[in-house]
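Working notes, beginning with the structure itself.
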2 protein chains.
Amino acid sequence: MIIQFNTRAPVYIQVVDYFKKKMALGELQAGEEMPSRRELATELKINPNTVQKAFKEMEEQQLITTERNRPSRVTTDEHVLKRIRTELVDEAVAVFVESIQELDVTMDELVDKIKRQYGEGNINDRSTGS
Amino acid sequence: MIIQFNTRAPVYIQVVDYFKKKMALGELQAGEEMPSRRELATELKINPNTVQKAFKEMEEQQLITTERNRPSRVTTDEHVLKRIRTELVDEAVAVFVESIQELDVTMDELVDKIKRQYGEGNINDRSTGS
DNA sequence: CTAACTGTATTATCACCATAGTACACTAAC
DNA sequence: GTTAGTGTACTATGGTGATAATACAGTTAG
């Protein structure tokens with residue numbers, strides 16, 4: 001379990017996003033048990049209350065369900081699960097475009113820079129035409 | 001003077017970014033007078049202290065200079081000014097890539113989504129091949 | 001000189017985020 | 001039944017961001 005707590009975004013939001021990613025990638029599947037709050041807090045070295053807030057947020061977003069005094073589980077609503085990845089990507093794109101809007105950046109420049117940045121990780125780069 | 005206070009980012013940071021954009025685009029030029037704190041606060045309908053914090057931040061970043069009891073001015077350091085745009089774009093790209101990393105997004109999908117989002121504004125889109 | 005404007009500083013209040021510590025009710029395993 | 005582990009709830013503290021309300025020193029336009 002690795003989370004990089006980089007940005008200024010609230011930790012509990014970053015925890016939510018982390019689990020969204022795992023669901024989007026199928027690493028966490030429908031109906032699967034979530035780790036316990038305390039366990040996760042210890043592992044991530046954050047406060048149990050922060051984890052609780054993240055889980056509460058995920059419940060409100062219907063990503064997980066919880067029966068009292070039983071470990072939370074990933075939703076079995078495939079409809080919800082299928083949307084996650086799209087939402088993650090779309091929101092990232094929206095934030096990105098918003099931040100560079102009005103800066104007169106060409107798609108060429110953008111693609112180039114993104115590829116470079118991506119390259120430092122690993123990219124699934126087929127095509128882009130050229 | 002229009003700023004959209006969208007995100008969760010601190011307002012004073014958004015004000016800084018707003019002026020960075022104006023400098024990057026040459027709408028604010030080297031040595032030019034900045035609006036006064038009070039004037040700007042009234043116009044943006046935010047607190048003068050928030051504006052002050054933004055200006056202080058800009059001073060620390062050497063974007064503006066201030067002689068006591070005189071309006072602040074855009075730096076005359078062309079070296080600094082030329083870097084602004086690159087820094088804005090690069091940081092946006094970094095945040096973006098970070099947020100979609102590990103989501104297995106192809107460049108095709110990214111470019112497509114970015115173009116769509118961009119389209120809602122105006123894009124300087126020559127090429128990307130296809 | 002006076003008045004209106006600069007930047008700057010201080011105090012106070014409120015909300016949000018994160019932490020720490022504690023407590024309670026229930027379930028599961030022994 | 002006891003124990004350890006669940007989720008859940010509460011109070012309190014500290015930091016940051018934003019607001020409000022003043023206040024002071026210096027500059028500038030009348």
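A, B, ... follow the sequence lines: proteins, then strands. Residue 1 opens every chain.
With sequence neighbours left out, the side chain to side chain donor-acceptor pair (under 3.5 Å) criterion links N69(A) to no other residue. Considering only residues two or more places apart in sequence or on other chains, E109(B) meets the salt bridge (Lys or Arg N to Asp or Glu O under 4.0 Å) condition with R85(A). Residues forming a salt bridge (Lys or Arg N to Asp or Glu O under 4.0 Å) with K113(B) (at least two apart in sequence, or on another chain): D90(A). Every residue meeting the side chain to side chain donor-acceptor pair (under 3.5 Å) condition with E33(B), not counting sequence neighbours, appears here in chain and number order: R73(B).
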Any protein N or O atoms within reach of nucleotides 25-28 of chain C? Criterion: under 3.5 Å, listing atom names and distances.
{"residue": "dC26(C)", "atom": "O4'", "partner": "N69(A)", "partner atom": "ND2", "Å": "2.7"}

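Under a 4.5 Å side-chain heavy-atom cut-off, the cluster of Ile, Leu, Val, Met, Phe, Trp and Tyr residues that includes Y12(A) is completed by I13(A).
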Counting only pairs under 3.5 Å, give me each side-chain donor-acceptor contact of residues 74-82 of chain B, with atom names and distances, residues two or more places apart or in other chains.
{"residue": "T75(B)", "atom": "OG1", "partner": "D77(B)", "partner atom": "N", "Å": "3.0"}
{"residue": "D77(B)", "atom": "OD1", "partner": "H79(B)", "partner atom": "N", "Å": "2.9"}
{"residue": "D77(B)", "atom": "OD1", "partner": "V80(B)", "partner atom": "N", "Å": "3.3"}

Please list every donor-acceptor pair under 3.5 Å in which a side-chain atom of residues 47-59 of chain B meets a protein atom from a residue at least two apart or in another chain.
{"residue": "N47(B)", "atom": "OD1", "partner": "N49(B)", "partner atom": "N", "Å": "2.8"}
{"residue": "N47(B)", "atom": "OD1", "partner": "N49(B)", "partner atom": "ND2", "Å": "3.2"}
{"residue": "Q52(B)", "atom": "OE1", "partner": "R37(B)", "partner atom": "NE", "Å": "3.0"}
{"residue": "E57(B)", "atom": "OE2", "partner": "Q61(B)", "partner atom": "NE2", "Å": "2.7"}
{"residue": "E59(B)", "atom": "OE2", "partner": "T66(B)", "partner atom": "OG1", "Å": "3.2"}

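Of all nucleotides in DNA chain D, those with any atom nearer than 4.0 Å to a heavy atom of chain A start and finish, going 5' to 3', at dT6(D) to dG17(D).
Screening residues 89-112 of chain A for ring-ring contact (aromatic ring centres under 6.0 Å, His included), with sequence neighbours left out, gives F96(A)-F96(B). Residues in residues 12-31 of chain A take part in these salt bridge (Lys or Arg N to Asp or Glu O under 4.0 Å) pairs, two or more places apart or across chains: K22(A)-E27(A).
For the segment residues 42-61 of chain B, the set of residues with a heavy atom within less than 4.0 Å of an atom of DNA chain D comprises I46(B), N47(B), N49(B), T50(B), K53(B), in numerical order.
For E60(A), the CD atom counts as densely surrounded, since its 6.0 Å shell holds more than 12 non-hydrogen atoms of other residues, nucleotides or ligands.
When the C1' atom of dT8(C) is taken as reference, atom CD of E67(B) falls 15 Å away, rounded to whole Å.
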